[in-house]
Amino acid sequence: MNGPAPLLLPSAAGRSRSWAQARKTRPAQVSVAAVARRANVSRTFLYDNREARAAIATAMAEAGDRRARMLVEHDDERETTWRERALNAEDALRAAQAEILAQPTRIGELLGQIRDLQAEWTEEAIQRITTENTTLKQRVRQLTTDNRTLDERLKAARSNLRFQGRRVADLETQLLDSPVGK
């Protein structure tokens, strides 16, 4: 059994070492059983071969380091998210407190407006407001009529300008087409 074994040992050790090293770049669970399955060697061989055992130990240590780094990064992300939520909550709390402090003042203002609206109107004030309202309505009607008249004049002026522009273009064409010496 000693004859063929040395020929298999280097290739088996090489396969196990290359698989263990490949795990450095492609993270996966590194264990003696996983390396044995993947390299198609026995676990006993991996335990007995010093070089294979060292390669697996190195890969396992690096996988553990990667996992620890990933956990630290994940914890940092959670910590950052938690901090952001806490800051947002503090900002929302400040805004709510400011709103609560402003509400009594606003309520007082609105109650004052209600009292003002409920005040008794004198006959003279009602007559004055009615007259002002009628005057303003007449003024609106007059301005609407004036606006309509000015709009019609503007349209007519634009139409005349287009006509004159065409007439000038026709005259220029006639002038260019006619012989100069006539």
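All residue numbers in this chain count up from 1 along the given sequence. Just so it is clear, the structure is predicted and the values come from calculations on it, not from any experiment.
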Original post:
For Ile126 and Thr130, which heavy atoms make the closest approach, and how far apart are they?
Top reply: O-OG1, 2.7 Å

Subject >> side-chain contact (heavy atoms from CB on, under 4.5 Å) partners for Arg50, two or more places apart >> reply: Arg53

**OP:** Please list, chain by chain and in numerical order, all residues satisfying salt bridge (Lys or Arg N to Asp or Glu O under 4.0 Å) with Glu132, sequence neighbours excluded.
**Re:** Arg128

Original post:
How would you list, by chain and number, every residue that makes a side-chain contact (heavy atoms from CB on, under 4.5 Å) with Arg115, sequence neighbours excluded?
Top reply: Leu111

Indicate every side-chain donor-acceptor pair of residues 154-164 with a distance under 3.5 Å to a residue at least two apart or in another chain.
none

**OP:** Output the distance between atom CG (Leu175) and atom CG (Asp170), rounded to the nearest 0.5 Å.
**Re:** 12.5 Å

Original post:
Rounded to the nearest 0.5 Å, what separation is found between the OG atom of Ser42 and the CG atom of Asp48?
Top reply: 7.5 Å

Original post:
What residues, two or more places apart in sequence or in another chain, satisfy side-chain contact (heavy atoms from CB on, under 4.5 Å) together with Thr135?
Top reply: Thr131

Original post:
Taking it one step at a time, do Gln142 and Asp146 satisfy side-chain hydrogen bond (donor to acceptor under 3.5 Å, both in side chains)?
Top reply: CA-CA 6 Å; Gln142 180 62 41; Asp146 292 347; 2.9 Å; yes

Original post:
Measuring from Met60:CE to Glu62:CD, what's the distance to the nearest 0.5 Å?
Top reply: 12.0 Å

**OP:** Start with the C-alpha distance between Lys137 and Val140, add both sets of side-chain angles, then the distance that settles side-chain contact (heavy atoms from CB on, under 4.5 Å), and finish with yes or no.
**Re:** CA-CA 5 Å; Lys137 285 180 181 178; Val140 166; 5.6 Å; no

**OP:** Can you measure from CZ (Arg148) to CG (Leu143) and round to the nearest 0.5 angstrom?
**Re:** 12.0 Å

In residues 90-108, what donor-acceptor pairs under 3.5 Å come from side-chain atoms, sequence neighbours left out?
{"residue": "Asp91", "atom": "OD1", "partner": "Arg94", "partner atom": "NH1", "Å": "2.8"}

Original post:
Which value, rounded to the nearest 0.5 Å, describes the distance between Glu124 atom CD and Ile129 atom CD1?
Top reply: 11.0 Å

